Amino acid sequence: MLQQTQVATVGPYYECFMRRFPTVEKLARARLDAVLKQWEGLGYYSRARNMHRAAGEILERFGGRLPETKDELLTLPGIGAYTAGAVASIAFGRREPVVDGNVTRVLCRLCRIQDDPKKSAVQKEIWSLAERLLPAARPGDFNQALMELGSEICLPRSPRCDACPLNRMCQARLHGDQAELPIRSARKKIPRYTVVVGVIRKQGRILIDKRKPEGLLGGLWEFPGGKKKRGETLEAALRREIREEIGIRIRIERRLTTVDHAYSHFRIRLHAFECVYVSGAPRCGSCTDIKWVRPTDLNRYAFPAANAEIIRALRAQ
DNA sequence: AACCCGTGGCG
DNA sequence: TCGCCAAGGGT
């Protein structure tokens, strides 16, 4: 959960998740849909799918006990260098370093590394540094302290060097360029799309579909729709998408709400329309399941954040 | 190596 | 409104 996600955001999710799946076996035997429902709103849903798979492998290959060595941890889906080091050192007291965004920033400043830390050669250097700095005693505490230093003191924008216990030995601060490190390469421009979806009603029920198991928002439910093409009106785009993807005809009643949303590598403006079913038998184009559900049952399904916003608008009216 | 993959907070 | 960033991993 903590991968690319701040501790404060994870907190409540962790509590609910551990109540629902208190053991590896409970998690392994749960349905993926139930796991995704607990993960709903956290993002990067492949983490949930990987954790579910990992639970199964822990059960089969390790007798239900999480392995303690970094090498064994690395064999589990969703566990990479950082997570393996974190679990081995924090949970099991092994002497393994961790390098996350915080540690990268702290070490780039401490040693005044002026190269792009995304480059693999530089990553190697940072891991090597972290390993050499790591004491034999309480490696987990040391790792957490280093990350905490990064998240609380050695801030990305305006580091609080006055409060930093390492300020006397920080090479970047010695040169006064701590705020410019680590150097970040120019980001690519993010595309923006206009998306239309329909809240389609038929006899008091609403049509939702389940996304493919992999890829963007994999395994989550959504209101059907798709991208608008250039020169197309919103309504025409919606009718086309519903016809192509779901195979039914609808009547568009009115606009429900408009949501601006940013994903990891593009942005959308999402227009949701209230619609009424007209004719045709719903089928799945690229989706894997499709259902008519009662409005009060929407909360049983895992929706992405932008769709949750639409449900809020639905309840508000 | 370069992409893909969410969401919320912050300035 | 926008870019940046977060206890990264998979392909």
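To find a chain, count down the sequence lines: A is the first, B the second, and so on, and within it residues start at 1. Nothing here was measured: the structure is a model prediction, and the numbers come from that model.
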Does atom CZ (A:Arg184) have a neighbourhood of more than 12 heavy atoms from anything else shown, all under 6.0 Å? yes

Walking DNA chain B from its 5' end, the first of A:His265 and A:Gln6 to be reached, judged by nearest nucleotide, is A:His265

For residues A:Ile310 and A:Ile200: do they belong to one hydrophobic cluster (side chain heavy atoms under 4.5 Å, members Ile, Leu, Val, Met, Phe, Trp, Tyr)? no

Heavy atoms within less than 4.0 Å of DNA chain C: which residues of residues 297-311 of chain A have one? Give them sorted by number. none

Taking only side-chain N and O atoms of A:Arg105, does any of them lie within less than 4.0 angstrom of OP1 or OP2 on C:dA6? yes

Please give, in whole Å, the distance from B:dG6 P to A:Met1 CE? 15 Å

Check whether any side-chain N or O of A:Asn307 sits under 3.5 Å from a backbone N or O of A:Phe223 as a donor-acceptor pair, and report yes or no. yes

Under 4.0 Å: is that the gap between some side-chain N or O of A:Lys188 and OP1 or OP2 of B:dC3? yes

What is the distance, to the nearest angstrom, from the CD atom on A:Gln123 to the P atom on B:dA2? 14 Å

How are the rings of A:Tyr301 and A:Phe303 set relative to one another: parallel (under 30°), tilted (30 to 60°) or perpendicular (over 60°)? perpendicular

C:dT1 phosphate, OP1 or OP2: any side-chain N/O from A:Arg269 under 4.0 angstrom? yes

Distance in angstrom units between A:Tyr44 OH and C:dA6 P, rounded: 11 Å

Regarding A:Gly218, tell me which of base, sugar-phosphate or nothing describes its non-hydrogen contacts under 4.0 Å with the strands shown. nothing

Just the rounded figure in Å: distance from C1' of B:dT7 to CD of A:Gln4. 11 Å

Take the protein atom CG of A:Asp115 and the nucleotide atom P of B:dA1, then report the distance between them rounded to whole Å. 12 Å

For a quick check of understanding: with a heavy-atom distance under 4.0 Å over all strands, which category does A:Thr5 fall into, base, sugar-phosphate or nothing? base

In whole angstrom, give the distance that lies between atom CG of A:Asp260 and atom P of B:dG8. 14 Å

Calculate the interatomic distance between A:Phe266 atom CZ and B:dT7 atom C1'; express it in whole Å. 13 Å

With nearest nucleotide decided by heavy atoms, which residue, A:Ser46 or A:Arg267, maps closer to the 5′ end of DNA chain C? A:Arg267

Determine the Euclidean distance between corresponding P atoms of B:dG8 and C:dG9; express it in Å to zero decimal places. 22 Å

For A:Gln3, is there any backbone N or O sitting under 3.5 Å from a side-chain donor or acceptor partner on A:Thr5? yes

Nearest of C:dG8, B:dG6, B:dC3 to any side-chain atom of A:Tyr45? B:dG6

Classify A:Leu42 by what it touches in the nucleic acid, base, sugar-phosphate, or nothing, heavy-atom distance under 4.0 Å. base

Please state whether the phosphate of B:dT7, meaning OP1 or OP2, lies under 4.0 angstrom from any side-chain nitrogen or oxygen of A:Ser264. no

Nearest to the side chain of A:Arg192, which nucleotide is it out of C:dG9, C:dC2, C:dC4? C:dC2

Within the pair A:Arg49 and B:dC5, is there a side-chain N or O less than 4.0 Å away from OP1 or OP2? no

Which of residues 146-156 of chain A have a heavy atom under 4.0 Å from DNA chain C? A:Met147, A:Ser151, A:Pro156

Ring centres of A:Tyr14 and A:Phe17 under 6.0 Å apart? no

Measuring centre to centre across the rings, with the benzene-like ring taken for any Trp, is A:Trp292 within less than 6.0 Å of A:Tyr277? yes

I need the single residue from A:Val103, A:Asn102, A:Leu166, A:Leu110 that forms a side-chain contact (heavy atoms from CB on, under 4.5 Å) with A:Leu149. Which is it? A:Leu166

Looking at A:Arg184, does any N or O in its side chain come under 4.0 Å of the phosphate oxygens OP1/OP2 on C:dC5? yes

Does A:Arg249, at its CZ atom, have more than 12 non-hydrogen atoms belonging to other residues, nucleotides or ligands within less than 6.0 Å? no

Does a nitrogen or oxygen in the side chain of A:His261 sit under 4.0 Å from OP1 or OP2 of B:dT7? yes

When rounded to the nearest 0.5 angstrom, what distance separates CD in A:Gln171 from CD1 in A:Ile113? 11.0 Å

So does A:Asp177 get a backbone contact from the side chain of A:Glu180, meaning a donor-acceptor N/O pair under 3.5 Å? no

Touch class at under 4.0 angstrom, heavy-atom based, for A:Ala8 against every strand present: nothing

A:Glu40 CD - B:dG8 C1' separation (whole Å): 15 Å

For nucleotides C:dA7 and B:dC3, find the distance between their C1' atoms and express it as a whole number of Å. 23 Å

